Amino acid sequence: MLTLYGNLESGNVYKVRLLLAQLDIPHRRIDVNQVRNEPRSEAFRAVNPIGKVPALRLEDGRVLSESGAILFYLAQGSPFWPDNAWDQAQVLRWMFFEQYSHEPYIAVNRYLLRFGQDPGAAAQRIADNAVKGNQALETMERHLGGHEWFGADRYSVADIALYAYTHVAHEGGFDLTAYPSVTAWLSRARARPGHIGLMQETSTEPVWRLGESL
Ligand SMILES: N[C@@H](CCC(=O)N[C@@H](CS)C(=O)NCC(=O)O)C(=O)O
């Protein structure tokens with residue numbers, strides 16, 4: 001069985017959990033929590049030297065990290081990964097956009113406001129991220145003016161990658177009512193078969209803590 005390292009609150013981990021649910025692939029989860037600083041611990045770095053969740057251990061023991069790489073790997077041969085090079089490139093384009101122009105602002109502001117030790121001390125960073133995060137949402141809004149989905153002409157891992165932190169952007173102080181096409185796309189994504197919520201546990205076994213032996 002696949003073993004997923006990460007915590008429920010993490011949007012990057014949620015991307016993988018959402019795809020696993022939509023592909024109906026069972027997994028067990030080992031809780032590795034950023035708030036407890038566990039991703040940087042030696043125990044976790046032995047699993048993923050980058051020190052970030054998610055990481056996915058395959059049945060043969062190999063470990064894959066980086067949410068986008070995991071989505072790419074799991075989606076092969078499924079309807080979530082298109083079969084022609086142009087559409088594949090479009091999916092990757094939006095996944096790279098998510099990692100460089102979206103997640104660093106929208107996810108980080110959510111983290112600072114929800115889980116940060118002292119959001120007051122981070123006020124300038126939060127304000128700067130708000131500008132960049134809104135630019136990302138405007139880009140998405142413009143794209144969705146003429147398209148139903150990101151990447152391909154159907155729901156794909158590009159939508160999963162962007163859904164993860166966009167649907168909780170309000171927790172980072174972003175007002176999604178200013179982006180009606182984004183809001184409608186979120187509803188379409190939520191209506192896809194097999195959709196799960198961020199905090200919905202899908203581990204088929206009781207959740208392990210890091211350091212417990214399987
Ligand atoms: N580019 C990575 C980002 C992963 C990431 O930033 N994970 C966060 C949790 S959402 C983390 O583990 N942070 C721990 C830390 O930086 O100490 C991905 O997409 O998987």
Side-chain angles (χ1 to χ4, degrees), residues 2-22 27 29-58 62-75 80-81 91-119 121-122 125-126 129 132-133 136 140 150-151 156-174 196-203 207-211:
L2 297 174
T3 304
L4 178 64
Y5 295 82
N7 56 316
L8 288 188
E9 295 81 1
S10 160
N12 284 314
V13 175
Y14 174 55
K15 293 170 194 171
V16 178
R17 296 175 49 246
L18 179 51
L19 180 60
L20 286 171
Q22 296 192 306
H27 71 279
R29 185 170 73 84
I30 298 186
D31 200 56
V32 181
N33 201 311
Q34 200 174 355
V35 172
R36 295 193 297 265
N37 246 332
E38 288 174 341
R40 290 176 192 224
S41 66
E42 255 181 59
F44 183 65
R45 279 180 188 272
V47 176
N48 175 18
I50 298 173
K52 288 184 187 291
V53 292
L56 185 71
R57 187 185 293 280
L58 309 183
R62 288 177 297 170
V63 175
L64 186 58
S65 65
E66 291 296 323
S67 60
I70 299 171
L71 292 183
F72 169 83
Y73 179 79
L74 291 174
F80 303 95
W81 181 249
V91 170
L92 288 176
R93 182 166 80 87
W94 283 107
M95 290 170 74
F96 293 145
F97 164 84
E98 191 269 346
Q99 285 282 284
Y100 189 75
S101 305
H102 180 289
E103 194 259 17
Y105 310 114
I106 295 178
V108 169
N109 271 11
R110 171 177 178 261
Y111 181 80
L112 293 171
L113 288 168
R114 268 202 70 181
F115 308 107
Q117 303 293 326
D118 185 358
R125 187 174 173 206
I126 291 170
N129 285 349
K132 298 277 183 59
M140 292 170 70
F150 291 95
S156 74
V157 284
D159 297 285
I160 291 179
L162 280 164
Y163 181 86
Y165 282 110
T166 306
H167 89 290
V168 288
H170 58 280
E171 296 179 6
F174 295 93
I196 53 159
L198 177 77
M199 298 304 290
Q200 196 174 331
E201 183 58 72
T202 46
S203 177
V207 174
W208 298 82
R209 283 288 298 271
L210 188 65

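Counting starts at 1 for both ligands and their atoms, following the listed order. Position 1 is the first residue of the sequence, and the numbers go up from there. As a basis for the values below, the full set of heavy atoms in this structure was taken, side chains included, without hydrogen atoms, waters or symmetry mates. None of the values given here were measured: they were computed from a predicted structure.
Given atom 9 (C) of ligand 1, the protein heavy atom at minimum distance is Q34 OE1, 3.2 Å. Nearest to atom 12 (O) of ligand 1 among the protein's heavy atoms is V53 N, 2.9 Å. For atom 2 (C) of ligand 1, the nearest protein heavy atom (residue, atom name, distance) is E66 OE1, 3.2 Å. Looking from atom 19 (O) of ligand 1 to the surrounding protein, the closest heavy atom is S67 OG, 2.6 Å.
Ion pairing of K15 with D159 is absent here, as no side-chain N (NZ or NE/NH1/NH2) approaches a carboxylate O to less than 4.0 Å. Of the charged side-chain nitrogens involved, at least one lies within less than 4.0 Å of a carboxylate oxygen, so that R29 and E201 count as a salt-bridged pair. The residues E38 and R209 are annotated as salt-bridged, a charged nitrogen and a carboxylate oxygen being separated by less than 4.0 angstrom.
Annotation: S10 places no N or O atom under 3.5 Å from an N or O atom of ligand 1; distance criterion only. At under 3.5 Å, not a single nitrogen or oxygen of N37, backbone or side chain, sits near a nitrogen or oxygen of ligand 1. Checked by distance only, ligand 1 and K15 stay at 3.5 Å or farther apart across all their nitrogen or oxygen atoms. Any N or O atom pair closer than 3.5 Å counts here, and G11 shares no such pair with ligand 1.
Using a 30° and 60° split on the angle between ring planes, F72 and W81 fall in the perpendicular class, above 60°. Using the six-membered ring where Trp is involved, W94 and F150 have ring planes that are perpendicular, over 60° apart on the 30 and 60° scheme.
For ligand 1, the atoms lying closer than 4.0 Å to a non-hydrogen atom of N12 are 3 (C), 4 (C), 5 (C), 6 (O), 7 (N), 10 (S), 19 (O). For ligand 1, the atoms lying closer than 4.0 Å to a non-hydrogen atom of P39 are 12 (O), 14 (C). Each of the following atoms of ligand 1 lies closer than 4.0 Å to a heavy atom of P54: 20 (O).
Side-chain contact annotation: R110 with Y165, donor-acceptor N/O pair under 3.5 Å absent. D31 and N7 form no side-chain donor-acceptor contact under 3.5 Å, judged by distance and modelled atom types alone.
Counting non-hydrogen atoms of other residues, nucleotides and ligands closer than 6.0 Å to CZ of R40 gives a total of 12 or fewer. Heavy atoms of other residues, nucleotides or ligands lying less than 6.0 angstrom from CZ of F96 number 12 at most.
Contact annotation for R40 and ligand 1: only side-chain heavy atoms (C-beta onward) come within less than 4.0 Å of the ligand. Both the backbone and the side chain of K52 come within 4.0 Å of ligand 1, counting heavy atoms alone.
At least one heavy atom of Y165 sits less than 4.0 Å from an atom of ligand 1.
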